[in-house]
Amino acid sequence: MMRFAAEPLTHDELRLRDEVREFMAQERANGLSVGLGINAAADMEFSRRVAARGWVGMTIPKEHGGPGRTAVERFVVVEEMLAAGAPISAHWVGDRQTAQMFVRFGSEEHQREFLPRIVAGDVWFCLGMSEPDSGSDLASVRTRATRTEGGWLLNGQKVWTSGAQYSDYVITLCRTSPAEGRKHIGLSQLIVDLRAEGVSVSPIRLLNGFHHFNEVHFDNVFVPDSMVLGNVGDGWHQVTSELAHERSGPDRFMSVMPVLALMFEQLKTADVPADVRTSLGRTFATYMTLRSMSLSIARALDRGETPAVEAALVKDLGTQFEQEAIEQLRTLAGGELDPGAPGLEGLLADAVITAPTFTLRGGTNEVLRTVVWKSLRRTRKESA
Amino acid sequence: MMRFAAEPLTHDELRLRDEVREFMAQERANGLSVGLGINAAADMEFSRRVAARGWVGMTIPKEHGGPGRTAVERFVVVEEMLAAGAPISAHWVGDRQTAQMFVRFGSEEHQREFLPRIVAGDVWFCLGMSEPDSGSDLASVRTRATRTEGGWLLNGQKVWTSGAQYSDYVITLCRTSPAEGRKHIGLSQLIVDLRAEGVSVSPIRLLNGFHHFNEVHFDNVFVPDSMVLGNVGDGWHQVTSELAHERSGPDRFMSVMPVLALMFEQLKTADVPADVRTSLGRTFATYMTLRSMSLSIARALDRGETPAVEAALVKDLGTQFEQEAIEQLRTLAGGELDPGAPGLEGLLADAVITAPTFTLRGGTNEVLRTVVWKSLRRTRKESA
Amino acid sequence: MSELAQELFSALDDIVGARAARDGHGAVATWDPELWAALNEQGYASIDPAEPEVGLAEFCAVATAVGAQALGLPLVEAGLAAWMAASAGIKLPGGLAVPAVSTGEVLTVVDRDDDGLVVDGALRRVPWGRHAEVVLAFARHGDGTTSLVALEPQRMTEGSNFAGEPRDTVHVERQRVDAGQVSTDSALGPREARARGALLRAAAAAGAMDSVVDLVVEYAGQRHQFGQPIGSFQAIQQHVVTVAQAAAATRAAVEATFMAAPEHRVMTAAAAKVTLGIQAGRHARSAHQVFGAIGATEEHRLHLLTRRLWSWQDEYGTQHEWAHYLGDRLIFPEAPGLWEVLTPPHPAVAAREVGESVPW
Amino acid sequence: MSELAQELFSALDDIVGARAARDGHGAVATWDPELWAALNEQGYASIDPAEPEVGLAEFCAVATAVGAQALGLPLVEAGLAAWMAASAGIKLPGGLAVPAVSTGEVLTVVDRDDDGLVVDGALRRVPWGRHAEVVLAFARHGDGTTSLVALEPQRMTEGSNFAGEPRDTVHVERQRVDAGQVSTDSALGPREARARGALLRAAAAAGAMDSVVDLVVEYAGQRHQFGQPIGSFQAIQQHVVTVAQAAAATRAAVEATFMAAPEHRVMTAAAAKVTLGIQAGRHARSAHQVFGAIGATEEHRLHLLTRRLWSWQDEYGTQHEWAHYLGDRLIFPEAPGLWEVLTPPHPAVAAREVGESVPW
C-alpha cells in the first residue's frame with residue numbers, strides 16, 4: 001500500500017509561507033511579471049533576491065554553510081513562488097538537484113567551493129543528460145571522457161540542456177569506460193565549466209521562439225580529476241538516486257497555477273454557468289489531492305525515506321493535471337486566443353502551445369510507468 | 001491516408017431500413033423487451049422470425065442459396081435491430097462470421113449443408129477460440145486434434161465461448177501439427193457438433209449472473225475429415241482474414257444505443273441544463289462520425305476491399321464511445337442506480353457493470369493497436 | 001494516521017480477513033449475522049464519537065478496512081449515525097441505527113407540539129434499512145429549517161446497489177417522533193451529514209482500491225501471454241499504474257480532509273468525493289482491462305470490489321453534485337483568491353477562530 | 001470524394017508541395033505573395049460556387065489540401081466569401097474578399113435608406129484581414145434581422161492565431177455600404193455562414209492531421225531507443241493509433257456532411273466541428289508525445305501543423321458552442337427520436353421536401 005500521510009503545515013511553516021507570500025507581493029508591486037513557473041525565462045537578479053532571503057539551497061545542512069532547513073520548508077517556498085508565477089529558472093537546477101548531489105556525493109572541496117555559492121545565488125548549474133540518440137534511454141549516452149594526465153578529455157554532445165546559455169557549470173553524464181554488456185556500468189558525472197576551452201553552446205528555440213534549451217558540444221574539453229562528481233563509474237547510481245527529489249515537487253503541477261488564479265479572479269464577478277462551476281470544483285479537488293500527495297512526499301524525505309514510486313505517481317498525475325487545466329482554461333476563455341495578447345490571454349496562449357513540452361521533463365511518463373510497475377511488483381513479492 | 005468515403009444510403013437501402021424499423025416496432029408491440037444488443041440474452045424464436053424475413057445470412061450469394069445482398073444492406077438491418085435493442089445473439093455468430101467462412105473456405109458439402117440452414121435460422125454456431133492460457137494470444141492454443149481413422153480426435157478446453165449452451169456447432173481453432181518455432185503454423189479449424197460424445201459445456205456466469213459465456217471441454221471427440229473447415233493447417237490465415245468483417249460492424253458501438261434513445265425521450269420534456277445539452281451534442285457528433293466510418297467500411301467490403309486497419313480503428317473508437325456513453329448516461333441519471341429496477345434504470349445498471357466486458361470482444365484494443373501500427377508502417381514503407 | 005486509527009484498521013482487517021479466508025470473500029461481502037455479532041462485541045458498531053481521541057481519521061480507518069475487505073456489514077453507517085446523533089444531541093436506543101441522508105431527500109414535518117413531531121415522506125436508498133431498528137433522517141419544517149429525527153422504520157421497499165448491498169426505501173406515513181428523538185441543534189444540517197457520509201464512502205473506496213491494486217499487481221506478474229508475464233507489456237503497465245495512481249489519489253484526498261480547518265471540512269470532504277468520482281471509473285476500468293473477462297466472472301473477487309466502487313462513487317452525492325457545490329463555494333464576488341483557499345490556515349488556529357460549535 | 005474534388009486536392013497539393021520542397025515548409029506557411037499570385041492564376045481563389053459540379057466536397061477538398069500543406073494563404077476564406085456572396089446575391093468586386101464571421105459578432109445598422117446602409121462596430125479575428133480588399137460581415141437591424149454586407153476595411157488592429165496566421169480586428173466606424181453590397185436574402189444568416197466556416201476548418205484540420213500521421217509514422221519507424229524503433233513499444237503504438245484515429249474520425253465527420261440532407265447540413269457541420277474539438281487535442285498531444293521535445297522546436301515541421309489545429313478547433317465556434325447548439329436542436333418536446341435524427345432520410349428526397357431555397 002502506498003502511503004501519502006497527511007500532516008498539516010506547522011505554525012512555523014505557515015509563518016514562512018506568509019513571509020514568502022509577502023515577498024512575492026512586494027516583487028509584483030515592483031513590476032515583476034507573472035510567468036509559467038519553470039517554463040518562464042530565467043531572471044538572475046530575481047534569483048539573487050530570493051537567495052538573499054535564504055531561500056535557495058534551503059536544505060543544505062548547516063555544516064556545509066547552508067540554512068539546514070527541511071524539505072517541507074523548501075516545499076512551502078517553492079509552491080508560493082510558483083503560485084505567484086515567479087521566474088525561478090536561474091537557481092532551479094542548483095536548488096533542486098545539484099546542491100543535493102554535492103551534499104551526498106561531492107568531495108569536501110566541492111562542498112566547500114560550491115555549496116555556499118549556491119546558497120548565495122552566486123553560481124548557476126545546468127544538467128547535461130540527454131543526447132541526440134538517447135532521449136529517455138539515458139544509459140545509452142555516447143559522450144565520453146578519456147583518461148589524460150591529471151584528468152579527463154571530454155568529447156560529445158548534449159541536447160535539451162536548460163539554461164546552458166547563462167549557467168556556469170554543466171553537470172555532465174558521460175561514459176568513462178566502455179559499455180561491456182551492461183550499459184549502466186561505466187558512467188560518471190563531471191562538473192564542466194561552461195567557459196572552458198572546447199565547450200560551445202548553441203540555442204534550441206521552441207516553437208514560440210523561447211530559448212530555454214541548448215545544445216552543448218564538448219570538443220576535447222579538459223576536466224581535472226577534482227571535478228569528477230562522486231566516484232568514477234557511479235554516474236548511473238548517482239543520477240537515479242535523485243529522482244524522488246526531482247519528480248515529486250510542486251514544479252511538476254504548478255506551471256499553470258498563476259493562469260488559473262488570474263482566471264478565477266475574473267470569474268468571481270462574472271455570471272458563471274453551472275458547467276463552469278462544476279469544472280472548477282473538479283480542478284479544486286484534483287489540486288487539493290495533488291498538493292497533499294506532494295507535501296506528504298516532502299515529509300517523507302524529511303524522515304529520511306525515499307518514496308520513489310510515490311514521486312513518480314505524483315509526476316504522472318501532475319502532468320495530467322496541467323494538461324487538463326490548460327484544456328479547461330481554454331474552454332473557459334471561450335474562443336480564439338491571440339499569442340500576442342497581453343495579460344491572461346497571452347499567458348494562456350503560451351501555455352497551450354508549450355504544454356506538450358511539460359510532460360517531457362524529468363523522464364517521459366511512459367518510462368516512469370515502467371519504474372512504478374517494477375517497484376510495485378517488487379514490493380508485492382517482498383510482502384508475500 | 002486512410003479513407004472513410006461517405007456515400008449516402010440509396011433509396012432501396014432506405015426502403016429496407018423502413019421495413020426493418022416497422023418489423024421492430026411490431027416486435028416491440030408484441031412484447032419484445034429492449035436489451036443491450038449482443039449482450040442481451042439469446043432469443044431463438046426471435047432469430048427465426050428475423051430469418052423468415054430474409055435478414056439472416058444476407059450476404060450469402062444466391063448460388064449458395066442465400067439472398068445475395070450487400071454488406072451495406074446487412075449493415076442497415078443490423079443497425080436498425082441494435083438501435084431497437086433486439087436480442088440478436090442466437091443468430092449472430094452464424095450471420096457475422098460463420099456464413100462468411102463457409103462461403104470462402106467451406107467445401108461444397110459444407111456450403112450445401114450449412115448455408116441454407118443459416119439463412120433459414122435453423123442452425124446456431126459458436127466460436128471456440130480463447131483458451132485458459134491464451135487470451136489475446138490466440139496462436140498459442142493448446143487444444144489439439146490428432147489423426148485417427150477417417151478423421152481427428154480432439155482434446156482440450158475452450159473458454160469464453162458465447163452461446164455454446166444453445167448452439168449446434170462450435171467452430172474450433174486447434175493445433176493439428178506441433179508448433180515448431182512459428183506457432184502460427186499448424187493450426188486448423190474444425191466444425192464440432194456440440195452434441196457429439198466427449199463434448200461438455202459448462203457455464204461461466206458474469207458478475208450479474210448472466211450466462212453468455214461457457215467453457216467447452218473436448219475429451220477424445222471424434223471429428224470426421226468432412227468437418228475440417230478449409231484446409232488443414234490454414235487455421236490461422238482463415239481466422240485472421242475475417243477480422244475486418246468482425247470488427248467494424250455497428251455491434252461494436254451500438255450496445256447502449258437503446259438506452260441512449262430511452263434517456264433522450266425522457267429529456268425531451270425535461271428542464272435540461274446547459275451542460276447536459278452540450279454533452280448530448282458531443283454524443284451526437286461522435287455517433288455520427290462512427291456510423292459514417294462503419295458504413296463506409298461496409299461500402300468498401302462491397303467493393304471487394306478488405307479495410308482491416310480502418311475496421312480496427314472503428315472497433316477501438318467504438319468501444320471508447322460505448323464506455324463514454326455509459327459514463328454520460330450515469331451522470332445524466334444523476335444518482336444511485338438499482339440493478340433490480342425496471343426499465344431504463346435497470347438497463348443502465350446492467351450496462352454499467354458489464355461494460356468492462358465490452359472492450360474484450362474481438363481482441364483487446366491493445367492488440368488491435370499493434371495491428372494498426374504495423375499496417376500503417378507497412379503502407380508508409382510501400383508509398384515511400 | 002493516528003495510532004488508534006491504525007489499530008482500528010488492522011484489527012478489523014485481521015478479523016474480517018480471517019473470516020474471508022475461512023468462508024470466502026463472497027461470504028463476507030453479504031450480510032453475515034454471526035460476523036456482525038462478533039464485530040458488535042468488539043465495539044466496531046458503537047465507536048463513541050465523543051471520546052476525545054476519536055476523530056475523522058478513526059472513522060475513516062474503519063471505513064477503509066470495510067472497503068479493503070469488501071465487507072457487507074453496516075459498520076460505516078453505524079458510525080455515521082452515531083456521530084450524527086451525538087452532534088445533534090440525540091440519545092439513540094440500542095440496536096442498529098442507520099443514516100438516511102444519501103440522496104439528500106428529507107421528510108416533511110406535518111405537525112408539531114411540545115411532545116415531538118409528526119413527519120411524513122419517503123426515504124430512498126437507505127443503506128441496510130431492512131436491518132435497522134432506527135433510521136436517522138432530516139425533516140423540513142414549514143419555515144425551511146430542518147430537524148434531525150430518529151425513527152423506527154415501519155414500511156419498506158427493498159432495493160440494492162450494484163454490489164447487492166441493501167438500499168431500501170423507508171416509507172414514513174404521518175409518523176410520530178418523540179421530542180427526545182428530535183434534534184434541537186441546527187449546526188448539523190443535511191449538507192454536513194452528507195459531506196461526512198461522502199467522505200466515509202471515499203475512505204471505504206480507497207480501501208477497496210488498495211485491495212484491487214494488490215489483485216492487479218499479483219495477476220499481472222503471474223499471468224503469462226506471448227511468453228511473458230503480461231506486466232512486462234507497456235499497455236498493461238499503464239493500466240497497473242492507473243489503478244495504483246487512482247488508489248493513491250483517493251487515499252490522499254481522504255487524508256487531506258484530516259488536516260483541514262473545521263470550516264473547510266465540508267469543502268475538503270466534497271473534494272475527496274469528487275476525487276473518488278474522477279478516479280473510481282478509470283481505476284475500475286483499468287483493473288478489468290488487466291484481468292480481461294476473468295475479472296468479470298461471478299466467482300472472481302475483483303468485481304466484489306469494483307461493483308462497490310461503481311455504487312459508492314454516487315452515494316451521498318455524485319461527483320457532479322459536489323463539484324457544483326465546490327464551484328459555488330469558490331466563485332462569488334467576495335470569495336478569497338483561489339490560492340488562499342487552496343492553502344488554508346492551520347486547523348488549530350482556525351478552530352479557535354470559528355469557536356467550538358462547528359459540527360466537525 | 002468526387003473526381004473534381006480529388007483533382008482540386010491533388011493539383012493544389014502538388015503545387016504547394018513543390019514550393020515547400022523548394023523553399024521549405026516554413027516558407028509556405030506564411031503569406032507568400034508570389035505563391036498567392038500563382039494560385040490565383042490557377043483559379044484556386046475564385047472557385048465559382050454557382051457551377052453545378054461545385055459543392056461542399058470541392059470546397060472541403062481545397063481546405064484539406066491547405067491543411068495538409070500548412071499553407072499560409074487565404075484560399076479557404078476566399079472560397080467561403082465567394083459562397084456567402086453568391087448565396088446572398090451580392091456581386092463581389094475583384095481582389096481578396098474574406099468573411100468576418102468567425103466569432104459570431106455582428107455590426108450594427110445605424111442608418112438605412114434606399115441607397116444602402118450605414119453600419120458600425122468592430123469585427124474581431126478577421127482572417128487575413130490585412131490582405132483583404134473586401135470584408136463580408138453581418139449587420140443587425142433594429143428589428144433583430146441581419147443583412148450581409150460587403151465593405152472595404154478602413155482601420156485595422158493586427159493580431160494572429162497560434163500559427164501566426166493573421167486574425168485582425170476591423171474597426172468599422174459609421175461606414176456607408178451601397179445597396180448593391182447589401183444582401184436581401186434572409187436564408188443566409190450568421191449561423192449558416194459560421195457553420196460552413198466551421199466545416200471548412202474541420203476539413204482543413206483533417207488535412208493537417210493526415211500530414212501529422214505521415215510524420216508520426218515515419219518518425220516512429222526510424223527513431224531508435226533502447227535498441228529498437230520506438231514504434232515497437234506499445235506506449236508509442238498507442239500514441240500513433242490515437243493520432244491516426246483522430247485524423248480518420250475528423251475526416252469521416254467532414255465527409256458525413258456531404259451525405260446529409262440540406263436541412264441537416266448545419267447540424268452535421270456542427271457535429272464535424274465538435275468532432276474536431278474532441279479529436280484535435282488528443283491528436284496533437286499524442287503526436288508531440290511521439291516526437292518528444294524535438295517536435296516542439298522552432299525548425300520542426302510538426303508544430304506548423306499542430307499550432308494550426310489548436311487554433312482551428314476554436315475558430316468559427318468552439319466545440320462547446322456547437323455542442324450546445326446540437327443539444328438545443330436535439331432536445332425539445334416535439335423533437336423526433338434520437339435514432340430518427342441519427343439516420344436521416346435521403347438527401348435528394350429531403351431537398352425536394354424543403355424546396356430549393358435552403359442556402360446549402
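Every chain is numbered from 1, with letters handed out A, B, ... down the list of sequences.
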(message) As a test of understanding, state which of D:Arg167, D:Arg124, D:Arg125 forms a side chain to side chain donor-acceptor pair (under 3.5 Å) with A:Asp338.
(response)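 Exactly one candidate clears the test, D:Arg125.
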In Å and rounded to the nearest 0.5 Å, what is the [atom1] to [atom2] distance from [X] to [Y]?
{"X": "D:Phe233", "Y": "A:Thr370", "atom1": "CZ", "atom2": "OG1", "result": "9.0 Å"}
{"X": "A:His211", "Y": "D:Glu298", "atom1": "NE2", "atom2": "CD", "result": "10.5 Å"}
{"X": "A:Leu207", "Y": "D:Thr297", "atom1": "CG", "atom2": "OG1", "result": "8.0 Å"}
{"X": "A:Thr331", "Y": "D:Glu321", "atom1": "OG1", "atom2": "CD", "result": "13.0 Å"}
{"X": "A:Leu332", "Y": "D:His320", "atom1": "CG", "atom2": "NE2", "result": "9.0 Å"}
{"X": "D:His303", "Y": "A:Ile353", "atom1": "NE2", "atom2": "CD1", "result": "9.0 Å"}

(message) With a sphere of 6.0 Å drawn around CZ of D:Arg140, does it hold more than 12 non-hydrogen atoms of other residues, nucleotides or ligands?
(response) no
(message) Would you say CZ of A:Arg144 has more than 12 non-hydrogen atoms from neighbouring residues, nucleotides or ligands within 6.0 angstrom?
(response)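 At most 12 heavy atoms, drawn from other residues, nucleotides or ligands, come within 6.0 Å of this atom.
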(request) Measure distances from A:Ile204 to the heavy atoms of chain D and classify the residue's part below 4.5 Å as side chain, backbone, both or neither. (result)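 Just the side chain, heavy atoms under 4.5 Å.
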(request) Sort A:Asp275 into side chain, backbone, both or neither according to what part of it lies under 4.5 angstrom from a heavy atom of chain D. (result) side chain
(message) Quick one, A:Glu336 with D:Thr103, criterion side chain to side chain contact (heavy atoms under 4.5 Å, CB included). Give me CA distance, side-chain angles, the key distance, then yes/no.
(response) CA-CA 8 Å; A:Glu336 308 173 30; D:Thr103 63; 4.1 Å; yes
(message) Give me the atom names and distance for the closest heavy-atom approach of A:Pro339 to D:Ser160.
(response) CD-O, 3.4 Å
(request) Over all heavy atoms of both residues, which pair between A:Ala349 and D:Phe162 is shortest? Give the atoms and the distance, please. (result) CB-CE2, 3.4 Å
(message) Looking only at heavy atoms and a cut-off of under 4.5 Å, which of D:Arg285, D:Glu315, D:Glu158 has the most pairs with chain A?
(response)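 Winner by heavy-atom pair count: D:Glu315.
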(message) Quick check on D:Ser102 against chain A: is it the side chain, the backbone, both or neither that has a heavy atom closer than 4.5 Å?
(response)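 Both backbone and side chain.
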